[in-house]
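This report refers to the structure that appears directly beneath it.
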Amino acid sequence: MSEKLEPLPGTADIWEPETSQWIFLEQTARGLFPRYGYSELRTPIFERTDVFVRGIGTETDVVQKEMYTFEDRGGRSLTLRPEGTAGVMRAIANQGVAEGDEKRVFYMGPMFRGERPAAGRRRQFHQIGAEAVGRAAPAMDAECIAMLVHFLEELGIRDSRLLLNSRGTAADRPAVAEALKAYFAPHKEALCPDCQRRLDANVWRLLDCKVEGCQPLINGAPKITELLGDESKTFFAEVCRNLDAMGVAYQVEPRLVRGLDYYVHTVFEIQHSGLGAQNALAGGGRYAIALASGDRTVEGVGFALGMERLLMARQSLNLAAAEAPGCQAYVVALGPQALALALPLAQELRRCGVRTLCETAGRSMKAQLRTANKVHAKFALIRGDSELEKGTIVCKNLDTSVQEEWPVAETAARLRAALAG
Ligand code: HAM
């Protein structure tokens, strides 16, 4: 028995008509983000492992459990990118960004995480993301969030919730960590084994635990926003004020920390009711990353949306599927002479913008028309010996079966008129 060549678990082949949906997402991003001053950046799919470990943080699930890491022939440790931000920061560091300068980029493409596959959770998934790097201002955070919300509007995605919180700055960390430890330590036995370890290693991560048994304790934990210093509180209040001024609706979620360790100040997540258990449609925040080891840290703000989840959300809202562009004309050729002229005619039509398929095998009229119907061609252009003699071609509308005979030299012009009409 032949082996089934299915894609690996957590990966997928993407066929039409779904491909058209992906293109729609990509085109909408490419249409919208430049209006906010962002340009497209394409970074490599694999990087030195260090780029991600330093950027994302050693105590995160992504770095500890999910990265696809391998050695190249030179013994260097490389990793398939699990997210876009760390690579974008590496690329910007490579170009250099002057102090006080700002770079705005967006990106899209595959990311890789060795997670347990489930609905909306893949090992190869795709993100559309954006980063504004170089300056620290609360208005930038609000503008970035507004662009994300605008993008969802352009995609027709309603019924989403924007959750917002602040993690403060490095200066706030010890006080918050101390308060969290003091709260969780007496309940250590009730926590999952990972959280018991997090209690000492990185107590912030505990708030991001998804294990059911840990939730009641997490829900009663001190609110981060109340533990922050004045500078961080003012920054967060300014983000909120700017969002209010733009009419962007949000909900403050005082225990939202997000799964990556590079965040400072603002963090946010968009959840959607149509996604089921994996309900995060997008996530992001402000971050500080050292561009090179020992280098100064540079701040940025950004987000990433999961493309598979965007499509699931659109589907849950019954949004009309984008149509794959179908065939417009099928060149039917009867006899060897007509067959020899079929390809040149098809080429001419394609150059005039018509999506054309063409007989290449010299089959019977019936077989050729069957193929034309199968590919949903709008018109069949039929030529045999008698048309060749007259210098004409028969154009058959495959929806109405109405036929016209045209001078062959006028085929492209007449066909374009017929398609437009
Ligand atoms: P993240 O929350 O890890 O953030 O991922 C962002 C989005 O990617 C999620 O909300 C989800 O829609 C999608 N996603 C993540 N993992 C999977 C998966 N295994 N399968 C399907 N979809 C998934 C980041 O990646 C940050 N880099 C976002 C960011 C940009 N923060 C600042 N700038």
Side-chain angles (χ1 to χ4, degrees), residues 8-12 14 22 25 33 38 41 43 47 51-52 55-57 60-63 65-68 80-92 103-133 140-141 144-145 147-148 151-152 155 157 160-165 167 205 208 210 256-272 274-289 298-314:
L8 290 166
T11 71
I14 299 158
W22 288 74
L25 298 183
F33 297 163
Y38 288 74
L41 173 67
T43 64
E47 301 262 4
V51 168
F52 303 115
I56 299 168
T60 57
D61 278 357
V62 171
V63 168
K65 307 182 195 165
E66 297 167 3
M67 294 208 303
Y68 283 102
L80 297 184
R81 64 183 186 192
E83 57 102 53
T85 312
V88 166
M89 292 301 272
R90 200 249 335 114
I92 289 178
K103 281 209 158 66
R104 295 182 167 206
V105 298
F106 69 95
Y107 50 90
M108 54 189 78
M111 309 287 162
F112 304 86
R113 297 184 193 174
E115 297 191 77
R116 198 163 42 81
R121 192 168 59 207
R122 296 248 182 108
R123 290 180 173 163
Q124 174 173 334
F125 60 100
H126 299 76
Q127 286 185 341
I128 293 178
E131 316 286 351
V133 178
M140 278 174 69
D141 300 22
C144 178
I145 293 171
M147 180 171 87
L148 170 58
F151 182 56
L152 293 178
L155 296 176
I157 295 179
S160 62
R161 281 196 318 153
L162 168 62
L163 306 178
L164 187 69
N165 194 21
R167 290 173 45 127
R205 290 263 60 80
D208 200 40
K210 300 286 181 281
L256 179 74
V257 289
R258 308 244 321 116
L260 313 164
D261 267 351
Y262 46 52
Y263 292 113
V264 293
H265 286 304
T266 320
V267 281
F268 52 89
E269 198 160 281
I270 298 225
Q271 298 185 344
H272 194 269
L275 293 181
Q278 311 303 321
N279 65 356
L281 193 57
R286 172 161 290 279
Y287 48 86
I289 299 185
V298 170
E299 282 201 21
V301 60
F303 62 78
L305 302 116
M307 292 178 75
E308 285 81 0
R309 295 188 193 176
L310 283 173
L311 295 182
M312 284 167 74
R314 275 178 55 82

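Read the numbers this way: they start at 1 and go in the same order the structure lists the ligands and their atoms.
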Just need the protein heavy atom nearest to atom 33 (N) of ligand 1, so name the residue and atom and give the distance. Glu131 OE1, 2.8 Å
Applying a strict 4.0 Å limit to heavy atoms, is Gly129 in contact with ligand 1? no
Side chains of Arg167 and Tyr263, donor plus acceptor under 3.5 Å: no
Students should be able to answer this: which protein heavy-atom is nearest to atom 1 (P) of ligand 1, and at what distance? Arg258 NH2, 3.6 Å
Report the nearest protein non-hydrogen atom to atom 28 (C) of ligand 1: residue, atom name, distance rounded to 0.1 Å. Gly283 O, 3.4 Å
Could you tell me which non-hydrogen atom of Gly120 sits nearest to which non-hydrogen atom of Met312, and how far apart they are? CA-SD, 3.8 Å
In terms of residue, atom name and distance, what is the protein heavy atom nearest to atom 26 (C) of ligand 1? Tyr262 OH, 3.3 Å
Polar-atom distance check: Leu305 versus ligand 1, any N or O pair below 3.5 Å? no
Could you name the option among Gly87, Ala282, Gly302, Ala313 that has the heavy atom nearest to atom 32 (C) of ligand 1? Gly302
Under 4.0 Å from a heavy atom of Gly306: give me the atoms of ligand 1 that qualify, with their elements. 7 (C), 8 (O), 12 (O), 13 (C)
Just go through Gly84, Ala280, Ala130 and tell me whose heavy atom is the nearest to atom 9 (C) of ligand 1. Ala280
Would you tell me which option among Met312, Arg309, His272 has the nearest heavy-atom contact to atom 22 (N) of ligand 1? Arg309
Any N or O of Arg121 closer than 3.5 Å to N or O of ligand 1: no
Enumerate the salt bridge (charged side-chain N to carboxylate O under 4.0 Å, His left out) contacts for residues 103-125, please, sequence neighbours excluded, ordered by first and then second residue. Glu102-Arg104, Arg104-Glu143, Arg122-Glu308
Examine ligand 1 and decide if any of its atoms is less than 4.0 Å from a heavy atom belonging to Gly259. no
Gly120: numbered ligand 1 atoms lying under 4.0 Å from its heavy atoms: 20 (N), 21 (C), 22 (N)
Give yes or no for whether the N/O distance cutoff of 3.5 Å, strictly under, is met between Tyr287 and ligand 1. no
If you scan protein heavy atoms around atom 27 (N) of ligand 1, the nearest is Glu83 OE1, 2.5 Å
Could you grab the distance from atom CZ of Phe303 to atom CD of Glu131, nearest 0.5 Å is fine? 8.5 Å
Nearest to atom 5 (O) of ligand 1, what protein heavy atom do you find, and at what distance? Gln127 NE2, 3.2 Å
So CD of Glu66 and CZ of Phe112: to nearest 0.5 Å the spacing works out to 14.5 Å
Got Thr85 and Ile56 here, is their nearest side-chain heavy-atom distance under 4.5 Å? no
Test your reading of the structure: does Thr85 have an N or O sitting under 3.5 Å from an N or O of ligand 1? yes
Can you name the nearest heavy-atom pair linking Leu281 to Ile157, along with the distance? CD2-CG2, 4.2 Å
Nearest to atom 24 (C) of ligand 1, what protein heavy atom do you find, and at what distance? Leu260 CD1, 3.6 Å
For atom 14 (N) of ligand 1, which protein heavy atom lies nearest, and how many Å away is it? Phe125 CE1, 3.5 Å
Would Asp261 and Arg205 pass as an ion pair if we require N to O under 4.0 Å? yes
Closest contact, heavy atoms only, Leu275 versus Arg309: CD2-O, 3.3 Å
Distance-only side-chain donor-acceptor flag, Thr43 / Tyr107, under 3.5 Å: no
Any heavy atom of Glu115 sitting closer than 4.0 Å to ligand 1? yes
What are the atoms of ligand 1, with element, lying closer than 4.0 Å to any heavy atom of Arg122? 18 (C), 19 (N), 20 (N), 21 (C)
Working note: Leu164 + Ile145, criterion side chain to side chain contact (heavy atoms under 4.5 Å, CB included); need CA distance, chi angles, decisive distance, verdict. CA-CA 10 Å; Leu164 187 69; Ile145 293 171; 3.8 Å; yes
Where on Tyr263 is there a heavy atom closer than 4.0 Å to ligand 1, on the side chain, on the backbone, on both, or on neither? side chain
If I compare all heavy atoms of Pro82 with all of Met67, which pair ends up nearest, and what's the gap? CG-SD, 4.0 Å
Can you tell me how far the CG atom of Leu148 sits from the CG atom of Leu305, to the nearest 0.5 Å? 5.0 Å
